[in-house]
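The structure appears right after this line, and notes come after that.
Atoms considered below: every heavy atom in the structure, side chains included; atoms not considered: hydrogens, waters and symmetry mates. Here the structure is a predicted model, which is why all the values come from computation and not from measurement.
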Amino acid sequence: MAVCDTCGNDYDRAFQITRAGKTMTFDSFECAISAMAPRCEHCNCRVIGHGVEAANGKIFCCAHCAAQSNVTGLKDRM
């Protein structure tokens, strides 16, 4: 069995995700999201969808949050 890097649960169906050369082990998508998903620069929610990224590299959950942070030129994709 493998131990979840987020919650410490020892689980026989754990899985691993590798990003930028770093591999982490999780027992659920909830733990993976908690550990790996970026946070919106404005509202601090986890960005688990597409989100939007400003030219300066800041990530927002939507164009509205970007606009609230005075970032312009972004549109949500529909």
### Message
If I compare all heavy atoms of C7 with all of C4, which pair ends up nearest, and what's the gap?
### Response
N-SG, 3.5 Å
### Message
Quick one, I59 and E53 - any side-chain contact, counting heavy atoms below 4.5 Å?
### Response
yes
#### Entry: Straight-line distance of H64 NE2 to S69 OG, nearest 0.5 Å
9.5 Å
#### Entry: Euclidean distance, M24 CE relative to T6 OG1, rounded to 0.5 Å
5.5 Å
### Which atom of F60 lies closest to which atom of C40, heavy atoms considered
CA-SG, 3.8 Å
### Query
Near I48 CD1, under 6.0 Å, is it more than 12 heavy atoms from other residues, nucleotides or ligands?
no
### Message
Would you say CZ of F29 has more than 12 non-hydrogen atoms from neighbouring residues, nucleotides or ligands within 6.0 angstrom?
### Response
no
### Euclidean distance, R19 CZ relative to M36 CE, rounded to 0.5 Å
4.0 Å
#### Entry: Atom of F15, atom of D27 and distance for their closest heavy-atom approach
CE2-C, 4.1 Å
### Query
Atom CE in M1, atom CG in D10: separation rounded to 0.5 Å?
4.5 Å
### Task
Specify the closest pair of heavy atoms between V52 and A63, including all atoms of both residues, with the distance to one decimal.
CG2-N, 4.1 Å
### Message
Rounded at 0.5 Å granularity, tell me how far CG in N9 sits from SG in C31.
### Response
8.0 Å
### Other residues, nucleotides, ligands: >12 heavy atoms within 6.0 Å of Q68 CD
yes
### Message
Looking at every non-hydrogen atom in both residues, tell me the closest pair between V3 and G8 and how far apart they are.
### Response
CG1-O, 3.5 Å
### Query
Heavy-atom distance under 4.5 Å between the side chains of K58 and V71, does that happen here?
no
### Message
For a 4.5 angstrom cut-off between non-hydrogen side-chain atoms, does S34 reach R46?
### Response
yes
### D5 (side chain) donor-acceptor with T25 (main chain) under 3.5 angstrom
yes
